[in-house]
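Report on one structure; see the data block that follows.
Order of the sequence lines sets the chain letters (A, B, ...), proteins ahead of strands, with each chain counted from 1. These numbers come from the heavy atoms of this one structure, side chains and all, not from hydrogens, waters or symmetry mates.
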Amino acid sequence: MQRFALVHSLAQRRLLVLNGRSKTTSLKGSKPKSTMTIVTRFAPSPTGYLHIGGARTALFNWLYARHTGGTFRLRIEDTDRQRSTPAAIDAIIEGMGWLGLNWDGEVVYQFARAARHAEVAKQLIAQGRAYHCYASPEELEAMREDQRKTGRPLRYDGRWRDRPATDAKPNVPPVVRIKAPQTGETIIHDKVQGDVRFGNDVLDDFILLRSDGTPTYMLSVVVDDHDMGVTHVIRGDDHLTNAARQRQIIDAMGWPVPTYAHLPLMHGEDGQKLSKRHGALGIHEYKDLGYLPEAMRNYLLRLGWSHGDDETISTEQAIEWFNLDSIGRSPARVDFKKLDNLNGHYMRSASDAVLADGTLALLKSKGAAVTDDLQAKLISAMPGLKERAKTLVELANGANFLVAQRPLALDDKAQKLLTPEARVILTGLEAALAATADWSASQLDAATRVFAEQKGLKLGAVAQPLRAALTGQSTSPGIFDVLVVLGRAESLARIADQARG
RNA sequence: GCCCCCAUCGUCUAGCGGCCUAGGACGUCGCCCUCUCACGGCGAAAACAGGGGUUCGAGUCCCCUUGGGGGCACCA
């Protein structure tokens with residue numbers, strides 16, 4: 001009841017804001033704007049984490065609201081008391097936060113509005129647009145079974161549509177069903193799918209209120225969208241047929257019909273329905289995999305929406321460009337390779353300090369010994385490091401040599417590089433490097449080249465063993481940068497370790 | 001079973017009747033750069049699902065087939 005009141009006051013406040021805005025506009029003397037402020041919403045049910053598909057839906061709603069200067073609301077559809085959990089609510093809110101999709105106003109909890117939903121159902125009954133149905137679940141299941149057997153469409157046959165309550169057995173609590181039109185057709189004007197027509201004969205009298213008096217989703221969405229002033233319903237394709245049903249309630253109440261945009265669903269890499277075997281589903285998993293939120297936003301945006309040949313689209317640009325007309329109509333498959341590429345792009349343009357923080361957190365979580373100067377080392381190594389990483393996880397792996405303790409563990413490729421001959425070369429190189437006056441990249445570079453030339457070696461023959469000794473790996477940032485970041489003492493010690501190994 | 005939606009390179013897509021001998025991006029494969037790996041640069045292979053119409057002209061419009069997907073709960 002508490003939340004119910006809260007939501008109402010919010011709706012009222014929104015109206016005040018609306019009035020205030022139109023007044024400001026007219027004062028400025030600019031041409032009269034449309035009085036309709038756009039309101040979108042993301043309405044997940046808290047039965048699990050924030051799904052990648054849901055995240056895209058949220059993103060599109062958010063972008064459209066931001067693009068139009070409208071309002072973006074978050075509503076938790078928790079009317080399924082069995083399956084809704086507080087943990088899921090937390091996960092959704094956390095996921096939204098990570099993705100940077102901020103909503104306006106308070107979160108609306110649908111179940112808290114159950115009384116309002118029931119009130120609408122009662123009003124519908126009073127208007128003769130809804131009725132009590134006393135059929136038991138078992139009875140209805142038998143009806144459907146019969147329909148299946150005889151190959152007829154599965155839908156409620158309207159057995160209580162015109163039957164008086166006096167026909168009911170005593171002590172059977174009824175459900176409330178909409179009295180839907182049985183002839184004609186319902187047309188959904190969809191911004192993505194175009195005009196979609198449904199014969200009213202295929203729409204049955206669905207349930208509004210369960211026998212325990214709680215509202216069903218079909219009723220709740222319509223009432224909440226109306227009360228929240230939602231003007232644009234942007235949601236998954238799986239709700240397209242629901243739109244036709246919901247339209248029955250909207251019409252019965254005489255409410256304005258929102259603009260619909262049903263997004264094609266996302267599929268796995270094999271084109272099948274997205275499921276666990278396709279890899280990461282929850283948005284939190286993408287965070288753990290080391291993806292950047294801005295890369296996720298860009299990637300998700302391009303999955304189903306396009307702006308000519310543009311691929312790399314910043315969030316600011318997306319807000320400026322986003323529209324409903326450019327949403328594609330066919331389902332898209334997730335493509336992790338492309339996400340990787342995009343993430344790499346955003347990593348390269350991210351600030352070294354931000355990336356260093358992310359890397360530091362990952363290194364700590366892996367139990368690395370974190371010394372005081374690590375942060376500084378990370379930042380100075382970052383330009384070379386971030387070129388080579390597509391995710392924060394790769395970045396942390398690449399930075400591992402900074403925290404590694406002597407004597408270094410060598411990976412297979414590094415092991416192969418450190419042949420007996422290579423170790424001899426390292427011995428000579430150690431002396432050459434130790435002799436440099438100034439431990440700078442340019443001096444170290446010069447010294448190494450001179451050394452290689454004297455020995456009649458190509459630079460690579462010297463640099464690779466050096467890399468192996470310094471990092472324990474066969475790949476790393478530019479080797480002279482590595483020398484500088486590690487510092488004179490540590491570098492020479494690591495070289496010595498391998499020269500005498 | 002009934003209803004609804006979708007269909008361009010492997011993937012994401014541009015294309016909204018003539019600009020298309022179909023463009024871009026990821027991925028793949030070559031080459032260049034180079035101390036490794038990346039980044040970057042250059043180049044290549046790669047698609048209008050099939051069949052009927054409409055039209056002077058169809059990837060673009062219509063129909064059918066096929067193939068995907070969604071919905072048909074006292075779930076959301």
Considering heavy-atom distances to RNA chain B, does Arg152(A) or Gln464(A) have its closest nucleotide positioned more toward the 5' end? Arg152(A)

Determine, for Arg83(A) against Asp80(A), whether the closest basic-nitrogen to carboxylate-oxygen distance falls under 4.0 angstrom. yes

Quick note, Ser330(A) side chain, CB onward, closest among C74(B), U13(B), C6(B) is C6(B)

Which is true for Pro264(A) with a 4.0 Å heavy-atom rule: it touches a base, it touches only sugar-phosphate, or it touches nothing? nothing

Measure up the His307(A) and Trp321(A) rings against each other and bin them: parallel (under 30°), tilted (30 to 60°), perpendicular (over 60°). parallel

Without decimals, in angstroms, what is the distance between Leu417(A) CG and C35(B) P? 15 Å

Taking any strand in view, what nucleotide pairs with G40(B) in a Watson-Crick or G-U wobble way, both distances under 3.5 Å? C32(B)

Take the protein atom CG of Asn343(A) and the nucleotide atom P of C26(B), then report the distance between them rounded to whole Å. 15 Å

Please classify the nucleic acid contact of Pro477(A) as base, sugar-phosphate, or nothing, using heavy-atom distances under 4.0 Å. base

Between Phe322(A) and Phe60(A), does a ring pair (Phe, Tyr, Trp, His ring centres under 6.0 Å) hold up when you go through it step by step? CA-CA 8 Å; Phe322(A) 190 76; Phe60(A) 281 27; 5.3 Å; yes

In whole Å, what is the span from the CG atom of Leu339(A) to the P atom of C26(B)? 14 Å

For Thr312(A), report the nucleic acid contact type (base, sugar-phosphate, nothing); a contact means any heavy atom under 4.0 Å. nothing

Side-chain contact check for Ser306(A): nearest option of A76(B), A14(B), C72(B) is A14(B)

Rounded to whole Å, please give me the gap between CZ in Arg148(A) and P in A73(B). 9 Å

Would you say CG of Asp412(A) has more than 12 non-hydrogen atoms from neighbouring residues, nucleotides or ligands within 6.0 angstrom? no

